[in-house]
Amino acid sequence: MVQPVNLDQFLAQQVESEHSQALTSMLGDIAFACKRIATAINTGAITGNMGSLASENIQGEVQKALDIITNDIFVEANQTSGYVAAMASEEIDDIIEVAEKYRQKGNYLLVFDPLDGSSNVNVNISVGTIFSVLKSANSHPVLADFLQTGTAQICAGYALYGTSTMLVFTTGKGVNGFTLDAEAGEFYLTHANMQIAADTQEFAVNMSNYRFWQEPVQRYVDECLLGADGEREKDFNMRWVASMVAEVHRILVRGGVFMYPLDTKLPAKAGKLRLMYEANPMSFIVEQAGGASSSGIQRILDIQPTGLHQRVPVMMGSRNEVERLIAYHQLDADNQSF
Ligand code: AHM
Ligand code: MG
């Protein structure tokens, strides 16, 4: 039997870049955090941590006990490597400073959503952790150092706490997935060089928002629903887990398109998902796997952030479907300019 490659061996052999030492150290710490988070989630019902708290995060969302527990695990595991100079989290309003004695080896920034899909956690459906690594121009980073486009990401990844715990990441040279052997406490390479098929017959969107969407998205979904009887001339399947990590992972494994488009339900919010710790890292991964990712009118990775928690419409996955969505947005814009 061929010996499986574990994460340490993979990092030692395959992460070759000017950032390799830093990435090897940081990805080791991230993997450790994700193992601890998996345990916290798995035992959450036993330790009494499945409920909601009285607090809200900066987006006005009620926080779950596990939102805070997983945030603290992630910060603790990543603050002493010497490479991470500051962090930012979905659960914390401002940037998280790292003590000066731990800012000696590099100026990296770690941006993360510690528990994505947390509305699913107490019903035992898959959740995840999403992370993005940037480089700061400044050894004592301030908010402005974080506001870089997604193209500046050095590494991005997610952990999926599903039927198995997986760690999937890119350092800009393709996408690789590792599965946790919980008994051995090791991640092993199980999904090398993940690729997203250009075509698909599966879409993922929260259909209950249909009436709040813009016309191009309604048109796209209408055509999927008409299936073989409409202009697409093929039937589509639909999935909605309400965990972006599970959704994107499914797309990496068997193709598909995932959307959280602009809607008018909450007019003050430009979509639901957050650019810096949800859309950007997932877009980097999707593009590295041969897929595409857009807001409908702009490549996500090219969007200049103006705030840590800013929201963005998201459509990502199989390239030909995302390009069709972009074309429908373009047609709509052209019609409106007449
Ligand atoms: P969260 O970070 O607060 O969990 O919100 C993000 C999640 C995504 O994982 C998922 O795609 C979406 O919210 C689901 O939203 P909805 O409940 O509107 O379907
Ligand atoms: Mg989230």
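When a ligand or atom number is given, it counts from 1 through the structure's own listing order. All residue numbers refer to positions in the sequence shown, counting from 1. No experiment lies behind these values; they were computed from the predicted model shown.
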Do you know which N/O/S atom name in Glu90 is closest to the Mg ion (ligand 2)?
OE1

I'd like to know if the side chain of Asn120 and the backbone of Val241 have a donor-acceptor N/O pair within less than 3.5 Å.
yes

Which residues pass the ring-ring contact (aromatic ring centres under 6.0 Å, His included) test with Tyr210, sequence neighbours left out?
Trp213

Who pairs with Tyr83 by ring-ring contact (aromatic ring centres under 6.0 Å, His included), at least two apart in sequence or on another chain?
none

Minimum-distance atom from the Mg ion (ligand 2) among N, O or S atoms of Asp116
OD1

With sequence neighbours left out, the residues meeting ring-ring contact (aromatic ring centres under 6.0 Å, His included) with Tyr108 are His19

I'd like the contact residues of ligand 1, where contact means a heavy atom below 4.0 Å.
Glu61, Glu90, Asp113, Asp116, Gly117, Ser118, Asn206, Trp240, Ala242, Ser243, Met244, Phe258, Tyr260, Lys272, Leu273, Arg274, Glu278

Working for salt bridge (Lys or Arg N to Asp or Glu O under 4.0 Å), residues Arg103 and Glu100
CA-CA 5 Å; Arg103 278 190 264 122; Glu100 197 188 342; 5.0 Å; no

Is the centre of the Phe169 ring less than 6.0 Å from the centre of the Phe178 ring?
yes

Heavy-atom side-chain contact between Met87 and Glu97 under 4.5 Å
no

Lys/Arg N to Asp/Glu carboxylate O, Glu186 vs Lys35, below 4.0 Å
no

Taking the Mg ion (ligand 2) as the reference point, name the nearest N/O/S atom of Glu278.
OE2

Restricting to N, O or S atoms, which atom of Asp113 is closest to the Mg ion (ligand 2)?
OD2

